[in-house]
S.K.: 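Structure provided below as structure tokens; questions to follow.
In this text, all values refer to a predicted model and were calculated from it rather than measured experimentally. Below, read A as the first sequence line, B as the second, and so on, with proteins coming before strands; counting in each chain starts at 1.
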Amino acid sequence: MLLLQQLKNDQQAVIAALAKRNLEAAPLIEEVLALDERRRALQTELDQNSARANQLAKSIGQLFQSGKAQEAEALKSETAQLKDLNKQIQQEMDACAQSLQEKLYLLPNTPHHSVPHGKSAEDNETVFEAGRIPSLHQDAMPHWDLAKKYDLIDFELGVKIAGAGFPVYKGKGARLQRALIQFFLDFNTEAGYTEIQPPHLVNEASGYGTGQLPDKEGQMYHVGVDDLYLIPTAEVPVTNLFRDVLLAQNQLPVAYTAYTPCFRREAGSYGAHVRGLNRLHQFDKVEIVRVEHPERSYQALEEMVDHVKKILDALQLPYRILRLCGGDMGFTSALTYDFELYSTAQERWLEISSVSNFETFQANRLKLRFKDEAGKNQLCHTLNGSALALPRVLAGILENYQTPEGIRVPDVLVPYTGFDLIS
RNA sequence: AGAGAGGUGGCCGAGUGGUCGAAGGCGCACGCCUGGAAAGUGUGUAUACACCAAAAGUGUAUCGAGGGUUCGAAUCCCUUCCUCUCUGCCA
């Protein structure tokens with residue numbers, strides 16, 4: 001959620017920034033400001049009336065105590081009037097505040113100045129490429145065929161148990177996936193991230209805290225009986241650990257890592273590009289989350305990008321880094337770098353990580369603040385990134401590491417898998 | 001799931017109708033004391049919103065949340081959420 005203060009002070013700058021998202025925000029911002037003005041006027045009126053009523057109550061009490069019951073009775077009628085009036089004012093003010101809130105929820109985060117202009121994924125800017133794209137043997141296959149050949153993943157069985165997009169991992173496939181999770185967690189922990197095991201279901205307030213609600217209501221699985229949501233990413237429970245939190249400055253920065261399964265309904269996505277592991281309803285992911293001092297958040301973002309690079313270097317996979325353009329960026333982000341892994345057998349890039357700085361956008365909703373040197377409460381900056389999302393990394397390894405003799409296991413994973421070849 | 005107890009400031013904890021944004025303690029900050037530290041001692045120490053150009057200041061709201069009774073509610077009533085104890089169930 002954008003800061004009202006920011007809208008008031010830099011209205012034009014906000015409109016210009018949001019234009020990068022191809023959004024004409026001026027009319028909405030006008031509405032927001034008008035509502036705010038009305039709300040403030042009502043607040044002032046309400047406060048004055050309440051002050052008067054408090055005064056009267058005090059006088060009435062004193063009059064009763066000194067036995068002047070008649071005078072006291074006379075004052076009561078005014079307080080009754082004030083009370084009725086205030087009820088109306090309060091109602092209108094609440095309506096204003098709610099409407100204001102709803103409109104603020106509609107405004108996405110303002111893109112960082114380095115975000116390129118653009119409408120779609122085609123306009124993203126490639127900022128880095130690394131790794132060697134292997135030349136595969138003639139009978140090389142996409143991962144879904146490899147998975148079948150070596151009995152690593154059974155998609156049909158998953159359909160029977162739950163539905164499409166819920167794969168069943170078997171034998172060395174399951175083991176390889178677990179090895180990756182373990183490797184990622186160890187790698188993150190060694191870099192200073194504290195491991196967290198959060199709940200996999202969250203309440204509504206948490207959904208609002210990180211911005212999934214109300215924006216992406218339909219994308220989360222909802223457990224109706226208990227009114228809980230299955231997490232679409234560990235970002236939700238981990239970032240919400242800091243909802244309504246006031247940190248001391250020396251508690252910053254916070255760096256957490258968490259492995260969780262992720263659940264996404266992904267309604268309406270079908271076809272060739274969602275085959276195999278490319279797009280799932282349930283998948284595993286290891287996430288990194290940071291809470292930073294505003295002045296350090298962009299440095300932190302670079303550190304996170306660097307960290308993810310190291311993971312991919314260690315796995316010796318070919319990848320590139322994109323700076324997302326305004327049209328392709330997520331609702332809550334100010335700047336996002338996507339990592340894409342080259343899938344040699346599919347001859348396409350697969351997104352495996354998204355690293356973002358949300359600045360104060362989430363912190364504002366979360367009420368996540370710290371006390372600065374002057375003793376003032378300031379909003380923190382929040383960041384997160386995948387390190388990494390499992391299925392596509394698994395797909396990339398299966399495809400890029402295949403040989404006529406079988407699938408080799410990346411060296412760094414062998415201690416975790418206990419085998420170096422899938423055959 | 002049933003029965004009972006309870007939710008008060010950063011933490012602990014007092015407070016059953018007005019003088020309560022709230023005693024006392026701990027913690028924290030600054031000062032005094034000290035060669036230095038501890039102890040001692042003094043002062044300060046919630047959040048949000050509104051008014052004000054701003055600071056100072058003033059007002060309003062907040063004792064889990066929402067509603068009600070009352071001139072006046074942390075305190076009484078209702079609803080709801082949560083926590084704890086016992087019983088039941090259970091990995």
S.K.: Measure from CD1 on A:Ile60 to P on B:rG18 and round the result to the nearest Å.
M.R.: 16 Å

S.K.: Quick check: on RNA chain B, is the nucleotide nearest A:Gly61 upstream (toward 5') of the one nearest A:Thr79, or the reverse? Name the residue that is more 5'.
M.R.: A:Gly61

S.K.: List in numerical order all residues of residues 30-51 of chain A for which some heavy atom is under 4.0 Å away from an atom belonging to RNA chain B.
M.R.: A:Arg39, A:Arg40, A:Gln43, A:Thr44, A:Asp47, A:Ser50, A:Ala51

S.K.: For A:Glu102, give me all partners under salt bridge (charged side-chain N to carboxylate O under 4.0 Å, His left out), at least two apart in sequence or on another chain.
M.R.: none

S.K.: Would you check if there is a donor-acceptor pair between the side chains of A:Tyr416 and A:Arg178 at a distance under 3.5 Å?
M.R.: no

S.K.: A:Arg39: which residues meet the salt bridge (charged side-chain N to carboxylate O under 4.0 Å, His left out) condition with it, sequence neighbours left out?
M.R.: A:Asp36

S.K.: Kindly state which residues belonging to residues 68-76 of chain A come within less than 4.0 angstrom of RNA chain B, counting heavy atoms of the residue only, listed by number.
M.R.: A:Lys76

S.K.: Over all strands shown, is A:Arg52 touching base, sugar-phosphate only, or nothing at heavy-atom distances under 4.0 angstrom?
M.R.: nothing

S.K.: To the nearest angstrom, how far is A:Phe370 atom CZ from B:rU47 atom P?
M.R.: 14 Å

S.K.: Should the ring pair A:His281 and A:Tyr221 be called parallel, tilted or perpendicular, given that the plane angle runs from 0 to 90° and is split at 30 and 60?
M.R.: perpendicular

S.K.: Using atom C1' of each nucleotide, how far apart are B:rG24 and B:rG13 to the nearest Å?
M.R.: 8 Å

S.K.: Starting from P on B:rG10, measure out to CG on A:Asp244 and report it in whole angstrom.
M.R.: 12 Å

S.K.: Once ring pair (Phe, Tyr, Trp, His ring centres under 6.0 Å) is applied, what residue pairs with a partner in residues 362-388 of chain A remain, sequence neighbours excluded?
M.R.: A:His293-A:Phe370

S.K.: Using the P atom as the point on both nucleotides, what is the distance between B:rU69 and B:rC11, in whole Å?
M.R.: 33 Å

S.K.: When rounded to the nearest 0.5 angstrom, what distance separates CD in A:Glu235 from OG in A:Ser354?
M.R.: 9.5 Å

S.K.: Only Watson-Crick and G-U wobble pairs, only distances under 3.5 Å, only runs of 3 or more: what stems does that leave for RNA chain B?
M.R.: B:1-7 with B:81-87, B:10-12 with B:24-26, B:27-32 with B:40-45, B:46-51 with B:57-62, B:64-68 with B:76-80

S.K.: With sequence neighbours excluded, what pairs up with A:Asn22 under the side chain to side chain donor-acceptor pair (under 3.5 Å) test?
M.R.: none

S.K.: Return the NZ to CD distance between A:Lys58 and A:Gln55, rounded to the nearest 0.5 Å.
M.R.: 8.5 Å

S.K.: Write down the distance separating the P atoms in B:rA3 and B:rU79, rounded off to the nearest Å.
M.R.: 14 Å

S.K.: If we count only N and O atoms by modelled type, under 3.5 Å, do the side chains of A:Gln98 and A:Asp94 hold a donor and an acceptor together?
M.R.: no

S.K.: Go through the structure and list residues passing side chain to side chain donor-acceptor pair (under 3.5 Å) with A:His222, not counting sequence neighbours.
M.R.: A:Asp227

S.K.: Checking A:Arg323 now: which residues fulfil salt bridge (charged side-chain N to carboxylate O under 4.0 Å, His left out) with it, not counting sequence neighbours?
M.R.: A:Glu125

S.K.: What distance, rounded to whole Å, do you find between the two P atoms, one in B:rU80 and one in B:rG2?
M.R.: 12 Å

S.K.: In whole Å, what is the span from the NZ atom of A:Lys58 to the C1' atom of B:rA73?
M.R.: 15 Å

S.K.: Is there a donor in the side chain of A:Gln212 and an acceptor in the side chain of A:Gln219, or the other way round, less than 3.5 Å apart?
M.R.: no

S.K.: For the C1' atoms, the ones on B:rG10 and on B:rG67, what distance do you get once it is rounded to whole angstrom?
M.R.: 31 Å

S.K.: Starting at the 5' end of RNA chain B and moving along, which residue's nearest nucleotide shows up first, A:Ala53 or A:Arg369?
M.R.: A:Arg369

S.K.: Would you kindly give the CD-to-C1' distance between A:Gln90 and B:rC49, to the nearest whole Å?
M.R.: 11 Å

S.K.: Considering residues at least two apart in sequence or located in another chain, which fulfil the salt bridge (charged side-chain N to carboxylate O under 4.0 Å, His left out) criterion with A:Glu351?
M.R.: none

S.K.: Mind checking what makes side chain to side chain donor-acceptor pair (under 3.5 Å) contact with A:Ser333, not counting sequence neighbours?
M.R.: A:Thr336

S.K.: List every contact pair, protein side and nucleotides 63-69 of chain B side both N or O, where the distance is under 3.5 Å.
M.R.:
residue	atom	partner	partner atom	Å
B:rG68	OP1	A:Lys87	NZ	3.3

